[in-house]
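Remember, it's a predicted structure, so these values are computed and weren't measured experimentally.
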Amino acid sequence: MVFAHFLKQGKRRIKLAYFNHDTNHSQKAQEFVENYANENKLELIIGRVNGVKGKRSLEEFWRDERYDFLNNLGSRFIITCHHLDDCVETWIMSSLHGHGRLIPYKRGENIFRPFLMTNKKTIKDYAIKKKVSWIQDPSNSHLNFMRNHTRINILPQVLVVNPGLRTTIRKKLIEIYK
């Protein structure tokens, strides 16, 4: 919601895309985004899970379905709202599996992640200052998902060992995208 608000302030013509993951919270979140789009006279495109999970984890399945949806929008320029804390979590999770990686700035030819250098606290502070409403998915606190476990349990401990980890990851991102 913060990034939609931010882009709207720049008088850009934006469209919103919402992907319904078909969870208990998805319909409530979809209605929230639909209301925002209606109130702000923004076009909204909605996608939803329609594939078969198979042997993939739920997180992997949802990611694959979401990117299939985004790739089929037919837009040449799509912005996702990944931020620095997402990068840190991804780096920790992938490092624990032996191959530390960062979220790339670009996926394919048309999906961009311009907010990778922005930390979550800055985003939340902006939302509060500008009175931007948002909705929190209660499943973000469920520890059965690896990312949530990393965010809630592992990241705070890693930050005790290296309080400057966000700065380190930001520097790594700068090196990659020079």
Might you point out which heavy atoms bring [X] and [Y] nearest each other, and give the distance in Å?
{"X": "L16", "Y": "A37", "answer": "CD1-CB, 4.2 Å"}
{"X": "S139", "Y": "N148", "answer": "O-ND2, 2.7 Å"}
{"X": "C81", "Y": "D86", "answer": "O-OD2, 4.3 Å"}
{"X": "I169", "Y": "C87", "answer": "CG2-CB, 3.9 Å"}
{"X": "F115", "Y": "I79", "answer": "CE1-CG2, 3.8 Å"}
{"X": "E65", "Y": "G51", "answer": "OE1-N, 3.0 Å"}

Does the cation-pi check pass for R48 over F19, that is, NZ or CZ under 6.0 Å from the six-membered ring centre and within 45° of its axis?
no

So [Y] and [X], do their side chains get closer than 4.5 Å, heavy atoms only?
{"X": "N71", "Y": "I111", "answer": "yes"}
{"X": "I45", "Y": "E43", "answer": "yes"}
{"X": "L84", "Y": "K120", "answer": "no"}
{"X": "N20", "Y": "V49", "answer": "no"}
{"X": "N144", "Y": "H149", "answer": "no"}
{"X": "R107", "Y": "F112", "answer": "no"}
{"X": "I123", "Y": "H83", "answer": "yes"}
{"X": "V161", "Y": "Q157", "answer": "no"}

Let me check something: do [X] and [Y] share a hydrophobic cluster, defined by ILVMFWY side-chain heavy atoms less than 4.5 Å apart, either directly or through other members?
{"X": "F6", "Y": "L116", "value": "yes"}
{"X": "Y126", "Y": "L7", "value": "yes"}
{"X": "I78", "Y": "L44", "value": "no"}
{"X": "I174", "Y": "W91", "value": "yes"}
{"X": "I92", "Y": "M117", "value": "yes"}

Exceeds 12 heavy-atom contacts within 6.0 angstrom, atom [atom1] of [X]:
{"X": "K106", "atom1": "NZ", "result": "yes"}
{"X": "Q9", "atom1": "CD", "result": "yes"}
{"X": "K15", "atom1": "NZ", "result": "no"}

Between [Y] and [X], do the side chains contain a donor N or O and an acceptor N or O under 3.5 Å apart?
{"X": "T122", "Y": "N119", "result": "yes"}
{"X": "T23", "Y": "H21", "result": "no"}
{"X": "R147", "Y": "T90", "result": "yes"}

Nearest-0.5 Å distance that lies between atom [atom1] in [X] and atom [atom2] in [Y]:
{"X": "I46", "Y": "Q30", "atom1": "CD1", "atom2": "CD", "value": "4.0 Å"}
{"X": "I152", "Y": "N140", "atom1": "CD1", "atom2": "CG", "value": "8.0 Å"}
{"X": "N50", "Y": "D22", "atom1": "CG", "atom2": "CG", "value": "10.0 Å"}
{"X": "L102", "Y": "S94", "atom1": "CG", "atom2": "OG", "value": "7.5 Å"}
{"X": "R166", "Y": "L173", "atom1": "CZ", "atom2": "CG", "value": "13.5 Å"}
{"X": "L155", "Y": "L165", "atom1": "CG", "atom2": "CG", "value": "7.0 Å"}

Do W62 and F69 have ring centres separated by under 6.0 Å?
no

Ring centroid separation for H5 and F3, is it under 6.0 angstrom?
no

For [Y], is there any backbone N or O sitting under 3.5 Å from a side-chain donor or acceptor partner on [X]?
{"X": "H97", "Y": "M93", "value": "yes"}
{"X": "R56", "Y": "F61", "value": "no"}
{"X": "N110", "Y": "S75", "value": "yes"}

Quick one: do V2 and K130 satisfy side chain to side chain contact (heavy atoms under 4.5 Å, CB included)? Show the steps, please.
CA-CA 9 Å; V2 163; K130 302 289 186 175; over 6 Å; no

Could you walk me through whether S133 and F32 pass side chain to side chain contact (heavy atoms under 4.5 Å, CB included), step by step?
CA-CA 9 Å; S133 298; F32 180 84; 3.9 Å; yes

Test log, rule side chain to side chain contact (heavy atoms under 4.5 Å, CB included), inputs K8 and L42
CA-CA 10 Å; K8 216 173 55 141; L42 297 172; 4.2 Å; yes

Begin with the C-alpha distance, continue with both residues' side-chain angles, and end with the deciding distance and a verdict on side chain to side chain contact (heavy atoms under 4.5 Å, CB included) for L70 and T80.
CA-CA 10 Å; L70 292 174; T80 68; 4.1 Å; yes

Below 4.0 angstrom, N of the basic side chain to O of the carboxylate: do D125 and K129 qualify?
no

